Engineer: 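Please find one structure pasted underneath; my questions will follow.
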Amino acid sequence: FSPSSSPKVRVPLKTHSVGTGDARVCLLYGTQADALKGFEKSEQEDRIRQLSCLYAIADWTDRSTVVDEFFQKLPPILARGVQFPDQAVVCSSYLEQEYGKAPFCCKDRTGIRTALMVNGEKKGTIGIGYVDPDLGWQPEEQRMLDQIGRLVSLALERKELSGRLESKRAEEERHRE
């Protein structure tokens, strides 16, 4: 908007977000196109950060061979995908074994969580919390975490199936002897 009739007067673009929870309204004030580009760039950077996190976890699930090692190295990879990585605390649990700072975010209501479903059964959880409880979560971050949960669940299913196949082969080999 122009505060005067002169087209040379320019008001810097400012943004403000109002609302609670998922119901938010973003207000834009001003006319500087460069500021809008910055807003779009910020959204692009968020998406790039989240996609990089997804790709890194997909790569880690392919390379990792030991479940404990996977969960121990998961926190720094996953923290990179959220809006405030320096404030993020990652926890997970699998088959009653807890990794990371579980009471902080997996059992507390301040973080976001996703279930690890293996062969239709809940076998664990991955959660992220912020050290600063005033920091909020974006819906995209929950969707990213849900996708990561699906990736990890599939990797755990493959690991379980491989273990069963190995046991079956070993049993057949014993019967042949």
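None of the values given here were measured: they were computed from a predicted structure.
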Engineer: Output the distance between atom CD (Glu98) and atom OG1 (Thr125), rounded to the nearest 0.5 Å.
Structural biologist: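 Answer rounded to 0.5 Å: 9.5 Å.
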Engineer: Please name the pair of heavy atoms, one in Arg113 and one in Gly111, separated by the smallest distance, quoted to 0.1 Å.
Structural biologist: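 That would be NH1-O, 3.1 Å.
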Engineer: Is there a side-chain contact between Val90 and Tyr99 (heavy atoms, below 4.5 Å)?
Structural biologist: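 No, side chains not in contact.
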Engineer: Quick check for you: to the nearest 0.5 Å, what is the distance between Asp68 atom CG and Tyr94 atom OH?
Structural biologist: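 The CG atom of Asp68 sits 10.5 Å away from the OH atom of Tyr94.
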Engineer: Salt bridge check: are Arg49 and Glu45 linked by an N-O gap of less than 4.0 Å?
Structural biologist: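 No, this pair does not count.
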Engineer: Can you measure from CG (Leu145) to SG (Cys53) and round to the nearest 0.5 angstrom?
Structural biologist: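 Nearest 0.5 Å value for the CG-SG distance: 9.0 Å.
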Engineer: Who pairs with Tyr55 by ring-ring contact (aromatic ring centres under 6.0 Å, His included), at least two apart in sequence or on another chain?
Structural biologist: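 Counting only residues at least two positions away or on another chain, Tyr55 forms no ring-ring contact (aromatic ring centres under 6.0 Å, His included).
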Engineer: Not counting sequence neighbours, which residues clear side-chain hydrogen bond (donor to acceptor under 3.5 Å, both in side chains) with Arg158? List them please.
Structural biologist: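 Partners of Arg158 under the side-chain hydrogen bond (donor to acceptor under 3.5 Å, both in side chains) test: none.
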Engineer: For the pair Glu140 and Arg143, find out whether any cationic side-chain nitrogen is under 4.0 Å from an anionic carboxylate oxygen.
Structural biologist: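 Yes.
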Engineer: Could you pull out the closest heavy-atom pair between Trp60 and Glu69, with the gap in Å?
Structural biologist: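 Shortest heavy-atom contact: CZ2-O, 3.9 Å.
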Engineer: Taking side-chain hydrogen bond (donor to acceptor under 3.5 Å, both in side chains) as the definition, give me every residue that meets it alongside Asp146, ordered by chain and number, with sequence neighbours left out.
Structural biologist: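 With sequence neighbours excluded, Asp146 shows a side-chain hydrogen bond (donor to acceptor under 3.5 Å, both in side chains) to Thr114, Gln142, given in chain and number order.
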Engineer: Without swapping roles, check the side chain of Gln83 against the backbone of Gln138 for a donor-acceptor pair under 3.5 Å.
Structural biologist: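 Absent.
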Engineer: To the nearest 0.5 Å, tell me how far Ile126 CD1 sits from Ser93 OG.
Structural biologist: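 Taking CD1 in Ile126 and OG in Ser93, the distance rounds to 9.0 Å.
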Engineer: Between Lys123 and Ala115 (side chain of the first, backbone of the second, donor and acceptor by atom type, cut-off under 3.5 Å), is there such a pair?
Structural biologist: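 Not a single qualifying donor-acceptor pair exists.
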Engineer: For Arg169, does the CZ atom sit with more than 12 other heavy atoms under 6.0 Å from it, leaving out its own atoms?
Structural biologist: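 No, the 6.0 Å shell around CZ holds no more than 12 heavy atoms from other groups.
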Engineer: Describe, in one word, how the ring planes of Tyr130 and Phe84 are oriented to each other, choosing from parallel (under 30°), tilted (30 to 60°) and perpendicular (over 60°).
Structural biologist: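 Ring orientation of Tyr130 relative to Phe84: perpendicular.
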Engineer: Between Ser64 and Thr61 (side chain of the first, backbone of the second, donor and acceptor by atom type, cut-off under 3.5 Å), is there such a pair?
Structural biologist: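 Judged by distance alone, no pair lies under 3.5 Å.
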Engineer: So, taking the atom named CG in Leu74 and the one named CD1 in Ile77, what distance separates them when rounded to the nearest 0.5 Å?
Structural biologist: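 Result: 6.5 Å between the selected atoms.
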Engineer: For Glu157 and Gly120, which heavy atoms make the closest approach, and how far apart are they?
Structural biologist: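 Of all heavy-atom pairs spanning Glu157 and Gly120, the closest is OE2-N, 4.4 Å.
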Engineer: On a heavy-atom basis, which atom in Leu54 and which in Met144 lie closest, and how many Å separate them?
Structural biologist: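 Here Leu54 and Met144 meet closest at CD2-O, 4.0 Å.
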Engineer: Taking only Lys NZ, Arg NE, NH1 and NH2, and the carboxylate oxygens of Asp or Glu, determine whether Glu173 and Arg176 approach each other closer than 4.0 Å.
Structural biologist: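 Salt bridge between Glu173 and Arg176, a charged N being under 4.0 Å from a carboxylate O: yes.
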Engineer: Roughly how far apart are Leu156 CG and Leu116 CG, rounded to 0.5 Å?
Structural biologist: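 Leu156 atom CG to Leu116 atom CG measures 6.0 Å (nearest 0.5 Å).
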Engineer: Hydrophobic clustering (ILVMFWY, side-chain heavy atoms < 4.5 Å, transitive) - are Leu95 and Leu151 grouped together?
Structural biologist: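 Yes, Leu151 connects to Leu95 through the hydrophobic network.
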